[in-house]
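Remarks on the structure that follows.
Just so it is clear, the values below take in all heavy atoms, side chains as well, and ignore hydrogens, waters and symmetry mates.
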Amino acid sequence: MHRRIDPERLFGTLDYFDGVHFAPRATAPAPFSVGLMDPACPPSTVFAAYNRYAGPRDITVRRFADHGGRGSQPYERMLWLRGLGLAPAVGR
């Protein structure tokens, strides 16, 4: 059943859901990525979560990227995970 929710109440609740609050309890390896022109996830919030993250972490800063993350580098991420023993070696 769909019901209307008061937007003020909704956004008031969402204020409490910020990754920075969960970061100190996280221990899994995490590749972070931040677009410095991202209007949806401001870079300051990404850096805050990254700096408080308790597990192994790596961050890629994209100077001209927005929320779409233009120019992602999955190969570099795979190499980082492989260095932690979490990605398989490439077979030859």
| Roughly how far, to the nearest 0.5 Å, is CZ of Arg62 from CE of Met37? | 14.0 Å
| Shortest non-hydrogen contact from Ala23 to Ala49? | CB-O, 3.5 Å
| message | Restricting to non-hydrogen atoms, name the atom on Val46 and the atom on Cys41 that form the minimum distance, rounded to 0.1 Å. | response | CG2-O, 4.2 Å
| Side-chain heavy-atom pair Leu36, Val61 within 4.5 angstrom cut-off | yes
| field | Taking every non-hydrogen atom, the tightest pair across His67 and Ala40 | value | ND1-CB, 3.6 Å
| Distance from Asp58 atom CG to Leu81 atom CG, nearest 0.5 Å? | 9.0 Å
| Which heavy atom in Ala26 sits nearest to a heavy atom in Ala54, and how many Å separate them? | O-CB, 3.1 Å
| query | What are the two closest heavy atoms between Trp80 and Pro56, and how far apart are they? | reply | CH2-O, 3.9 Å
| message | Within this structure, what is the OH-CZ distance for the pair Tyr50 and Arg57, rounded to the nearest 0.5 Å? | response | 4.5 Å
| message | Applying ring-ring contact (aromatic ring centres under 6.0 Å, His included), can you list everything that pairs with Phe22, at least two apart in sequence or on another chain? | response | none
| request: Using atom types as modelled and distance alone, determine if a side-chain donor or acceptor of Tyr53 lies under 3.5 Å from a backbone N or O of Ala28. | output: yes
